[in-house]
Protein chains: 2
Amino acid sequence: MEITSYQNADRIVVAIDCIIFGFDKEQLKLLLIKRDFEPERGHWSLMGGFLKGCEHLHQGAHRILYDLTGLKNIYLEQLHAFGEVTRDPVERTLSVAHYALIDIEAHAFELSEDYSASWFPIQELPDLIFDHNDMLKAALDRLQYKASHEAIGFELLPDKFTLPELQKLYECIYGRPLDKRNFRRRILSMDVLINTGEKEKSSSKKGAYLYTFDQSKFNKLQREGQNMDLNLY
Amino acid sequence: MEITSYQNADRIVVAIDCIIFGFDKEQLKLLLIKRDFEPERGHWSLMGGFLKGCEHLHQGAHRILYDLTGLKNIYLEQLHAFGEVTRDPVERTLSVAHYALIDIEAHAFELSEDYSASWFPIQELPDLIFDHNDMLKAALDRLQYKASHEAIGFELLPDKFTLPELQKLYECIYGRPLDKRNFRRRILSMDVLINTGEKEKSSSKKGAYLYTFDQSKFNKLQREGQNMDLNLY
DNA sequence: TAAATTAAGTGTTAGAATTACATTTAAAAA
DNA sequence: TTTTTAAATGTAATTCTAACACTTAATTTA
C-alpha cells in the first residue's frame, strides 16, 4: 500500500486567518473586518485570505494582513491550524491561524481611510464567522500564556512607555488588578527596560519616566534559556 | 481587489507528520520509519502522509499513524504547521506536525512484525529527511515545556507505575538528574496519584509501590485553572 | 539463619522568593 | 502657599525552594 502517493494526494485550499490584538493605553482590542463578499457578507471576521502556492506560510500571513489593513513589519506568530472539514461552507479549507500584537496608536495612520477594519474592545466583540470565535479563544489563551512566561507585551506599546502604562496592559491581558510595587520590582528585575530619563506628563502632574525595551538584552537572555516567567500577582 | 476568491485560490497538498515519543523505563525514544519510496528512499523519516479532502486534521493524523504503525487511540496533539515552499522537493506541501506520547511496552504488539518502524534513543538519532529535524526540535521543546507546566508524562508510562519510574521519565525529558525527595514531595503534592498498595519488585528487593494516575482529579484541577507547574529541580 | 546487599522511602533547615501593605515625592493647578 | 494628583519607594511575615543523609524492607549470599 502506497500511503504517500503524490499523484493521488488531495489538494486543499489553505487559508490564513490573523488575530490582531491591539492596545491603546486603555483597553485590549481586536481588529476585525466586515466581509464584503459571500458567504457571510456583512458579518465580522478576522483578517483572512488564501495561501499562494509560491508563498511561505509566514509570508502569506504578512501579505494578507498588509492587503487588508496596510499593516507591515509587525510581530506575527503562528497559533494553530484549524482543520474541521466543514469550517468553511463554500469549500473544504484548512486555516492556519496567526496572531499579532500591535500598538494601536502607532499604526493608526496605516489603518485609517482605505480599509474597512475596525477595533473592538475585547469585552464587546460581535459574533464572528465560521470558527473564528474558536480561533480568538485560542489566541487569548496563548496571549495570556506568553505574557506570563516571556517578556511579551512590549509589542503592544509605543517605543517609549511608562511603567504605569505597562502595568495597565498586563492588567488588561490578565483581566485583574496588579500590585504596583510588586509589578515594578518584578519587571525591573528582568533588567530589559531602560529608563530614558524623559518624563511623560499627560497623565499626572508629577509625570512618569519613559522606558524603552532593551531588545538585545532580551534576545541574549532568551538565547541563554533564562527563565523569563513574570509571576505577576 | 478580491482577496478571497475561491476560484483563484491555489490548492496545496497538506501533509501530516507525527513525532512519536516513547519511553521504555530506561530511555526516551523516537519512532521512525525507513522510507521505501522516492524521494529519499531508504532514509529515516517521521511517520507522514497526506491529509484527505474529507478528513479533519486530527482524523488524518490518527489514520496515518495507524496505517504506518498499527497504533490506535493514542494521545496526539497538534504541534505546528511547517510551511517552507521548498520543504518537499517533489511538490510544494504544507505539513502540519503532530506529536504523541506512548508507553513503548504497552504498544509493542501493535508495532511489531508488519511495520518497518523502529525506536531510536533520543540521543542516537539518524539524520532525518526534509525538515523533520526541525519538527523534532520543536516537539522536544514542546514536550519539555508541557512536562514542566502540566501533569503530562503519564501517557508515557503504563497504567501502574512506580515513583522511581516516573522520576526516571522526567529525568529523560529534562536531560538531567532530579532530587528524589523533592521530586516525590512535589509530584505527590499535586494530589493526582493514587497509591494502589501493590508493589513492583523487579527493580529492587524492597519493591516500590505502584501508583495510578487519577484522571478525573486531574481534569477537575485543569477545569479550575489550577496551577500545575511542577517546578522540578 | 545471620550478614550483606539493594533500592525505596522519609525530614529538616537555611536561604530565597512571594505577597501584602502605606507613606513620601514631584510637579502643576488653584 | 496650599491643594491636588499620580508616581515612586521599602519592609516584614510568610511561603517556597533546594540541598542534604539516614532508615527500612526484602531478597540474596555466606
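Chain identifiers are assigned alphabetically (A, B, ...) following the order of the sequence lines, protein sequences preceding nucleic acid strands; residue numbering begins at 1 within each chain. Here the structure is a predicted model, which means the values were calculated and not measured.
Note on ring orientation: taking the six-membered ring where Trp is involved, the planes of Tyr174(B) and Tyr170(B) are tilted (angle from 30° to 60°).
Not counting sequence neighbours, the partners of Phe161(B) by the ring-ring contact (aromatic ring centres under 6.0 Å, His included) test are Phe154(B). His43(B) meets the ring-ring contact (aromatic ring centres under 6.0 Å, His included) test with no other residue; sequence neighbours excluded. Under the rule for a ring-ring contact (aromatic ring centres under 6.0 Å, His included), the partners of Phe120(B) that lie at least two apart in sequence or sit in another chain are Trp44(B). In this view, Phe82(B) and His80(B) satisfy the ring-ring contact (aromatic ring centres under 6.0 Å, His included) rule, not counting sequence neighbours.
Between Glu200(A) atom CD and dA27(C) atom P the separation is 14 Å, expressed in whole Å. dT12(C) atom C1' lies 11 Å from atom CG of Asn182(B), rounded to whole Å. One atom, CG of Asp179(A), and another, P of dG10(D), lie 15 Å apart when rounded to the nearest Å. When rounded to the nearest whole Å, the span between CZ of Arg185(A) and C1' of dA20(C) equals 10 Å. The distance from atom OH of Tyr209(A) to atom C1' of dT25(C) is 11 Å, rounded to the nearest whole Å. Following rounding to the nearest Å, Ile187(B) (CD1) and dG9(C) (P) show an atom-to-atom distance of 14 Å. The CZ-C1' distance, from Phe183(A) to dG10(D), rounds to 19 Å in whole Å. The distance between atom CG of Leu178(B) and atom P of dT17(D), rounded to the nearest whole Å, is 14 Å.
Within the structure, every side-chain polar atom (N or O) of Arg181(A) is placed at least 4.0 Å from both OP1 and OP2 of dA20(C).
Between dT10(C), dA7(D), dT18(C), one nucleotide has an atom nearer to the side chain of Arg186(A) than all others, and that is dT18(C). Nearest nucleotide to the side chain of Pro164(A), out of dG9(C), dA21(D), dA7(D): dA7(D).
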Donor-acceptor pairs under 3.5 Å, side chain of residues 201-211 of chain A to any protein atom, not counting sequence neighbours: which ones?
| residue | atom | partner | partner atom | Å |
| --- | --- | --- | --- | --- |
| Ser202(A) | OG | Glu200(A) | OE2 | 2.2 |
| Ser204(A) | OG | Lys206(A) | N | 3.4 |
| Ser204(A) | OG | Gly207(A) | N | 2.8 |

In B/S/- notation, 5' to 3', how is nucleotides 22-30 of chain D contacted by protein heavy atoms closer than 4.0 Å? --BBBBS--

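Remark: Arg87(B) engages Asp17(B) in a salt bridge, criterion side-chain N to carboxylate O under 4.0 Å.
Counting any heavy atom pair closer than 4.0 Å across all strands shown, Ser203(A) reaches sugar-phosphate atoms only and no base atom.
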